[in-house]
Amino acid sequence: MKLKTILIFPILTLILLLFPACDAAVNGSVKSLTHPYIGEYECVEGKLGEADLLEKYDYIKFNILDDKTFEMIYKQKDGPRQSLEGNYSVNEETREITGEIGIFGYKFRENIKIEKGKFTITKNIMGKPLIIKFKMK
């Protein structure tokens, strides 16, 4: 009986250690390994000059949909949901993402680097700095 008790503890420990590894192997995918940045990001801070954008919008989201396209989704308070689509490419050496989006006939291009599930977009709009910080949801 004492020998069975001594053997049960190491077996249970081994099962508890291996179970999460098996779960990760089943749930893992090629996409999550090769394109870990694909997913939904939510705006956690947004400013245009001194104005806080989060006071004017219900949400601002940035979705990287696949290995070529992204979507920016936003909704002003008391307004309809709107979205814009764009294309992006990744520099595999620097892990920098270059995105391009067209708004009112103008093309805007921005380079970002996603680190620890976060990135920041900075631009000058009408002489005011636009700073939008996103975090992976």
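Phe70 is not listed as a side-chain neighbour of Ile97, based on a closest heavy-atom distance of 4.5 Å or more. Side-chain contact between Glu110 and Thr122: present, with at least one pair of heavy atoms (C-beta onward) separated by less than 4.5 Å. The shortest distance between side-chain heavy atoms of Phe134 and Ile114 does not fall below 4.5 Å. Between Thr120 and Ile131 there is a side-chain heavy-atom pair separated by less than 4.5 Å. Under the 4.5 Å side-chain criterion, counting only non-hydrogen atoms from C-beta, Met136 is not in contact with Pro36.
Heavy atoms from other residues, nucleotides or ligands lying under 6.0 Å from CD of Glu50 number 12 at most. More than 12 non-hydrogen atoms from other residues, nucleotides or ligands lie less than 6.0 angstrom from NZ of Lys123. With a 6.0 Å radius and a threshold of 12 heavy atoms from other residues, nucleotides or ligands, Lys47 has its NZ atom above the threshold. Under a cut-off of 6.0 angstrom, the local environment of NZ in Lys77 is crowded, with over 12 non-hydrogen atoms contributed by other residues, nucleotides or ligands.
Here the rule is side-chain contact (heavy atoms from CB on, under 4.5 Å) with Lys61, and of Lys75, Lys137, Met72 only Lys137 fits it.
One finds the NZ atom of Lys135 at 13.0 Å from the NZ atom of Lys133 (value rounded to the nearest 0.5 Å). Atom OG1 of Thr98 sits about 11.5 Å away from atom OH of Tyr88, to the nearest 0.5 Å. One distance of note links CD1 of Ile125 with NZ of Lys128; it measures 11.5 Å at 0.5 Å rounding. Atom CD of Glu115 is separated from atom NZ of Lys113 by 5.5 Å, given to the nearest 0.5 angstrom. Here the CD atom belonging to Glu42 is positioned 12.5 Å from the CD1 atom belonging to Ile73, to the nearest 0.5 angstrom.
Under the 6.0 Å cut-off for aromatic ring centres, Phe62 and Phe119 qualify, their centroids lying closer than that.
No chain of hydrophobic side-chain contacts below 4.5 Å, direct or via other Ile, Leu, Val, Met, Phe, Trp or Tyr residues, connects Leu54 to Leu130. Both Ile60 and Leu84 are part of a single hydrophobic cluster, where members link through side-chain heavy atoms under 4.5 Å apart. Grouping the Ile, Leu, Val, Met, Phe, Trp and Tyr side chains by contacts below 4.5 angstrom, directly or via other members, places Ile121 with Phe108.
Every residue meeting the salt bridge (Lys or Arg N to Asp or Glu O under 4.0 Å) condition with Glu100, not counting sequence neighbours, appears here in chain and number order: Arg109. In this structure, the side chain to side chain contact (heavy atoms under 4.5 Å, CB included) partners of Thr69, at least two apart in sequence or on a different chain, are Leu65, Asp66, Asn87.
Summarising the geometry of Glu96 relative to Ile112, their closest heavy-atom pair is CG-O, 3.3 Å, with the distance given to 0.1 Å. The shortest heavy-atom contact between Ile132 and Cys43 is CG2-SG, 3.6 Å.
Using the six-membered ring where Trp is involved, Tyr74 and Tyr57 have ring planes that are perpendicular, over 60° apart on the 30 and 60° scheme.
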